[in-house]
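I have placed the structure first, in the form of structure tokens, so that the comments after it can refer back to it.
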Amino acid sequence: MIENTEKTEKTYNVELLSLSSKKDLSDKNFKRYENIISEALNNSDIKNIAVSGKYGSGKSSIIDSYFQNQHKDEFLRVSFASFSENQVTTEDNDGEENDDTNQDQKNKIKISQGNSRKIEQSIINQILYQIDPTRIPLTNFKIKQPLLNKSKVLYVLETLLIITAIIPQRFNIIFSTIDLIGSMLSFIYGNNTYLTSLILQIGMFLKSHILVLILPFLVWNIWSLLNHFQIKNFKLSFKSVGAEINLPNDDLFEKYIDEIIYIFQQSGKSILILEDIDRFNRVDIFEKLRELNIKLNNNVNGENSWKFIYLIKDDIFSDATDRVKFFDLIIPVIPFVTTANAYSKFSAFFAGEKIDSRLFEILGNYIGDYRLLLNTINEYRIFKQDINAGDSNQLLALIGYKNLYPKDFDVIQNGGGSLNELLEKLSNDSRKEIAKLEKDILDIQNQQNIVIASTRDEILLLDMIRNVQQNSSMQSVTNFKTQYTSPYTLELPYDSNTNKSMSYTEYEQTEYFKERVKVATNSEHAQDSIDEKLERIYLLKHKSWQTIDTMDWTNLKNETNELLYTLIISGYVNEHYLSVINKYYGTDNNSIFFKNLLSHNKDYDFNIELTDIDHLVKELNPADYLLEQIQNYFLLHFHIQQGNTEFVKSITDVAQKVKKQFLEKYFSKYPEDFDKFQSIVNKKIAFEIIAVEDESVIEKIVEKNWYKNSEKNIKNIISFWELNNNLDKQTEHILNSDNDIYKELKIELIKKLTILPNVNEVYDKELLDYYIQYSQIAPTVETILDYLNIKKLSDNEYYLFNNYIGNFIDTNIEFLISELKEWDKKLFDSVLFSNQIKFETKQIVFSSYNVSLFGYYDSSIIDNISTDEFNLLLDKKIMHLDQAIMQKIIMQNDHTVLEYFNSNKVISYLYANPGIKGILDLKTLKSLVDSADDKTFTILSRFVDLFGDDYESLIDSLNKFTDTIRDTNKFIRVLKGDVRAYTNKFTDNEQNKNILDYLLKHSFIAQYELEGVKYRISKIK
């Protein structure tokens, strides 16, 4: 019992293309043919016209379009079709047959004659059915037609009249009926009525003239009988001489030539179109038709001559001269479609379809017939809608193959044929290769267990022990290698299965020995070799036709025809071919899933609900699990629940490769599957957190680090917890956990802390830098000292601040400075000397520096601090004045020592240190001499060179001492050039000597010399 599983009837709207010839051509190409045909028909010398071209070239369309508008009622048409697989082409043999001709040849001739007769019968029959029978009443060829109503009435009347004439009147029912009707009318209406009188007269007429009425019918019957009367044999006899004429039954044109000419002449036509007569590959029928044409035209009696138009292919005549001799005119038709231009026709018809142009090129090389191309398109459209195959390329490839090889396609569609054999062969080849690889893996593992060596010689020694005869001399490997050289041979391993006689030198060069050396001496190589073979096994189990190397297909070429081979290696026919060309009777969703899988459709739904999955997975090939369309929630759920490790891993690999968040969305739908999935996969998965919606799944993903360690994912994790008011709880759990959770996540959680811990409260001390860096720890001096201690960032003199602690101090200086009592000299010094502390922070710190507790800084530090830091210490009055400091101040042109130190302190230092030079500027010197005492005069004398040639300034400064220093006026007069001044003498002391040196240097005096206790000067001459 067949059940109808369709709940609703689908509406089909497929636009199919007609395969019949076109009758509405009007382009310029047709106009050219139209003119040629018209000229030919109007030319009285042209009787036989050939329109030649390959099948599907458009011959019929040209003729149909021409006679659609011209000579519409002047032509007869005969069309043939031959579907014989083995067409007999033997022509009639007009010559005498040899007596030795074998029976097979005779049979062939009989068959040929029979075929010729059938062709002639078909021509006559088709012509008869195109002519009104009334135009050919004398023909012996009758067409079966239903009786006309008029004929039926005449036959009934004739029958009634004959019956009436034969039966005596007193028993004649007809006469009795007429008399009865007359009596009834007479009784009802009387004898004088018209109707009664008419009936009585009819009865009397029939009784007296019945034979006269029958006579016309008898004449009509005799005429009809003569029309069907035929004389087949006519025999003449005269005395002893006799002759018998027998008309042959085989040649219908000869036998019925008069009938045929009669039919043609009475048809009212003048053109005979013969189409596809060349399909029988018989030239003799053309000869008979040409002969018929001649006879017809010999009997036209001045009327229009008969034209025969033949629609033929070009190669019907093997001899080129026969071809041109037979026809009066040959009109070649340029094919509309050939293998050269089929590509463009395919492209035009499939515009908008997602079909590769490469497939058009392949099919175009095989489909050169326009009708075949149109039918391929029609069948594709029907299959496409009815089966709704997702793989349009494969569907078109197989439909094209169907049209070219329908028988083979029928076998293929039923699961047999070359493609099924190919599937089985590839499967068998894969199984054999897998078995060999598994054995190779076992051999490698055995070799590792058996051969434990570190050198080539050790491996050789093992082989010697196993394979060399026991009585051989083997004092050493070297001795053995020397002893057993060519031509001496041993039975040594050649591969994993056999031994071979060879010398050691030969054995050493074998791939087997080289591989043994690698395996035995390098465990990593052995494992790499095993991994390589395992990977190959995996690929073989998931092998698809598209992954097979082209060279492998070349070995299979002889097992398929050329087109199928080309379609396979080009990727247009694959192992899913049965699903493409056969209707799927599962649920609609299962069908859609399969179609998406087969067509590699990028627009597929993860959540399409599948049913009867246990059956569905049996239809899937291992290669299907490498396609992204395999991603389906219900399919993965099925495999997880069944514990199908290989399929779960395959789907997982695809999901990780495709990156469409399939797994993330899956576990939002099936969070309860995560633990089992985790145990099955047992490897790290890179989830995208934004697509996961279940909180428990996110926690497990985070703990396993099963997500891509990206800023985006970490941000999404935190946002998810914030949205669920669970951030503080998760932060505490993760920061105080031993789980190897991504450090980047921990850092972001540290940034989100709302309660700042002390250093001792930080569980993972390796994260201390980030607590410090982001100031997510108590901002205290204790924190700084604990951190520096844990990180061992200290020497005997200073703390060694890194970037983290430097930023921390800068950020939290307001809090830290409030704990001033916790600061010690080492911490101040460390802040001062650190390059990680901002200058602004140092300004704040040293504003609170207590000189009474920590003392002054001296010049010993100035090489370790910047100019700004030096000036900062000067500004804060925490620098001790010395020569180096004064020199550094002098080097800063825009500063003087008096800006940082009071004049008394400067005067005391300068007076107490007579030997220092270059630590004072003229401006400062002028300021100092304002006090005009002995100390400042001493300082003036020591730095008098600062005045240079500015004698007026020197005089002004000396004038300040005229009341306190006795010799001052004398120096002033010398500077002013007073000649009386040279008679003066100067007291011998440091101040006067310094000034006298200045005067000598600047040529105010020629010299000075000591006379007793005073200096005498002399004038320059």
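One-based numbering along the sequence shown.
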- Between Tyr857 and Tyr849, is a ring pair (Phe, Tyr, Trp, His ring centres under 6.0 Å) present by the stated rule, with each step listed? CA-CA 11 Å; Tyr857 289 99; Tyr849 186 83; 5.3 Å; yes
The side chain to side chain contact (heavy atoms under 4.5 Å, CB included) partner of Lys842 among Ile813, Ile837, Asp868, Ile809 is Ile837
Between Thr936 and Ser931, is there a side-chain heavy-atom distance shorter than 4.5 Å? yes
query = Can you tell me if Asn902 uses its side chain to pair, donor with acceptor, with the backbone of Lys905 under 3.5 Å?
reply = yes
The side-chain hydrogen bond (donor to acceptor under 3.5 Å, both in side chains) partners of Asn739 (sequence neighbours excluded) come to Ser737
Is there a side-chain contact between Val845 and Thr841 (heavy atoms, below 4.5 Å)?
-> yes
In terms of heavy-atom contacts, Ile907 and Lys935 come closest through CG2-CB, 4.0 Å
Exercise. Do Ser953 and Asp956 get their side chains close enough for a donor-acceptor pair, meaning under 3.5 Å?
Worked result: no
Checklist line | Residue pair Leu920 / Ile939, side-chain heavy-atom distance below 4.5 Å | finding: yes
With sequence neighbours left out, the residues meeting side chain to side chain contact (heavy atoms under 4.5 Å, CB included) with Leu800 are Leu793, Asp795
Sorted by chain and residue number, the side chain to side chain contact (heavy atoms under 4.5 Å, CB included) partners of Glu1009 (sequence neighbours excluded) come out as Glu1011, Arg1016
The complete set of ring-ring contact (aromatic ring centres under 6.0 Å, His included) pairs with one or both residues in residues 929-952, sequence neighbours excluded, reads Phe937-Phe961, Tyr951-His1002, Tyr951-Phe1004
Here the ring-ring contact (aromatic ring centres under 6.0 Å, His included) pairs for residues 749-808, sequence neighbours left out, are Tyr798-Phe833
**Request:** Check whether the side chains of Ser927 and Thr924 place a donor and an acceptor atom closer than 3.5 Å, and report yes or no.
**Result:** no
Could you check whether Asp930 pairs with Lys960 (Lys NZ or Arg NE/NH1/NH2 to Asp/Glu carboxylate O, under 4.0 Å)?
yes
Q. Does a donor on one side chain and an acceptor on the other come within less than 3.5 Å for Asp934 and Gln991?
A. yes
Discussion item. Could you check whether any side-chain N or O of Asp978 sits under 3.5 Å from a backbone N or O of Val974, counting only pairs where one atom can act as donor and the other as acceptor?
Written reply: no
Across all chains, not counting sequence neighbours, the side chain to side chain contact (heavy atoms under 4.5 Å, CB included) partners of Thr962 are Asn959, Thr968, Asn969, Ile972
Applying salt bridge (Lys or Arg N to Asp or Glu O under 4.0 Å) to Glu952 and not counting sequence neighbours gives none
- request: Would you tell me whether Tyr1015 and Asn992 have side-chain atoms, one donor and one acceptor, within less than 3.5 Å of each other?
  value: no
Shortest non-hydrogen pair, Ile890 vs Ile919, comes out as CG1-O, 3.3 Å
Taking distance alone, no hydrogens or angles, what donor-acceptor pairs closer than 3.5 Å link side-chain atoms of residues 879-889 to residues at least two apart or in another chain?
from, atom 1, to, atom 2, distance (Å)
Asp882, OD1, Ser859, OG, 3.4
Asp882, OD1, Ala884, N, 3.3
Asp882, OD1, Ile885, N, 2.9
Asp882, OD2, Ser859, N, 3.3
Asp882, OD2, Ser859, OG, 2.5

* Asked: Heavy atoms, side chains only, cut-off 4.5 Å: are Phe687 and Lys708 in contact?
  -> no
In terms of heavy-atom contacts, Asn705 and Ile741 come closest through OD1-CA, 3.4 Å
Taken to the nearest 0.5 Å, the spacing of Glu766 CD from Ile790 CD1 works out to 12.0 Å
CG (Asn709) and NZ (Lys743) are apart, to the nearest 0.5 Å, by 10.0 Å
Under-4.0 Å salt bridge between Asp824 and Lys826: no
Flag the pair Lys825 / Leu853 as yes when at least one side-chain heavy-atom distance between them is below 4.5 Å, and no otherwise.
no
Establish, from distance only, whether the side-chain atoms of Asn758 and Glu782 form a donor-acceptor pair under 3.5 Å.
-> no
Q: Could you tell me whether the side chain of Ser719 and the main chain of Lys715 form a donor-acceptor pair under 3.5 Å?
A: yes
Check: Are side-chain heavy atoms of Glu797 and Asp829 found at a separation under 4.5 Å?
Finding: no
d(Ile718 CD1, Leu745 CG) to nearest 0.5 Å is 6.0 Å
Next item on the list: Decide salt bridge (Lys or Arg N to Asp or Glu O under 4.0 Å) for Lys1014 and Asp967; before the verdict, give the C-alpha distance in whole Å, the side-chain angles of both, and the deciding distance to 0.1 Å.
Entry: CA-CA 11 Å; Lys1014 291 188 185 246; Asp967 289 338; 5.8 Å; no
Distance col, row Asn850:CG vs Lys821:NZ, nearest 0.5 angstrom, shows 15.0 Å
Taken in chain and number order and not counting sequence neighbours, the residues that satisfy side-chain hydrogen bond (donor to acceptor under 3.5 Å, both in side chains) with Asn812 are Ser775
Looking only at side-chain N and O atoms, does Ser957 offer a donor or acceptor that is under 3.5 Å from a partner on Lys926? no
In short, Lys791 meets Asp769 closest at the heavy-atom pair CE-OD1, 3.2 Å
Applied to residues 706-729, the ring-ring contact (aromatic ring centres under 6.0 Å, His included) test, sequence neighbours excluded, yields Phe674-Trp706, Tyr707-Tyr742
*asked:* Below 30° counts as parallel, above 60° as perpendicular, anything between as tilted: where do the rings of Phe828 and Phe846 land?
replied: tilted
Tell me whether Lys659 is salt-bridged to Glu688, with the criterion being a basic N under 4.0 Å from an acidic carboxylate O. no
Donor-acceptor pairs under 3.5 Å, side chain of residues 750-757 to any protein atom, not counting sequence neighbours: which ones?
from, atom 1, to, atom 2, distance (Å)
Lys751, NZ, Glu748, OE2, 3.1
Lys752, NZ, Glu722, OE2, 3.4

So CD1 of Ile878 and CG of Leu832: to nearest 0.5 Å the spacing works out to 8.0 Å
Of all heavy-atom pairs linking Leu928 and Val906, the shortest is CD1-CG1, 4.1 Å
dist Asp875:CG -> Phe870:CZ (nearest 0.5 Å) comes out at 10.0 Å
For residues 905-934, the ring-ring contact (aromatic ring centres under 6.0 Å, His included) pairs (sequence neighbours left out) are none
Within 45° cone and under 6.0 Å: Lys970 NZ/CZ vs Phe986 ring = yes
Check: Any side-chain donor-acceptor pair under 3.5 Å between Asp694 and Ser696?
Finding: yes
Practice item. Might you confirm whether atom NZ of Lys877 has over 12 heavy atoms from other residues, nucleotides or ligands at distances under 6.0 Å? Key: yes
For the pair Asp997 and Lys993, find out whether any cationic side-chain nitrogen is under 4.0 Å from an anionic carboxylate oxygen. yes
With a 4.5 Å limit on heavy-atom distance, are the side chains of Leu663 and Gln656 in contact? yes
In short, Leu816 meets Trp823 closest at the heavy-atom pair O-NE1, 3.1 Å
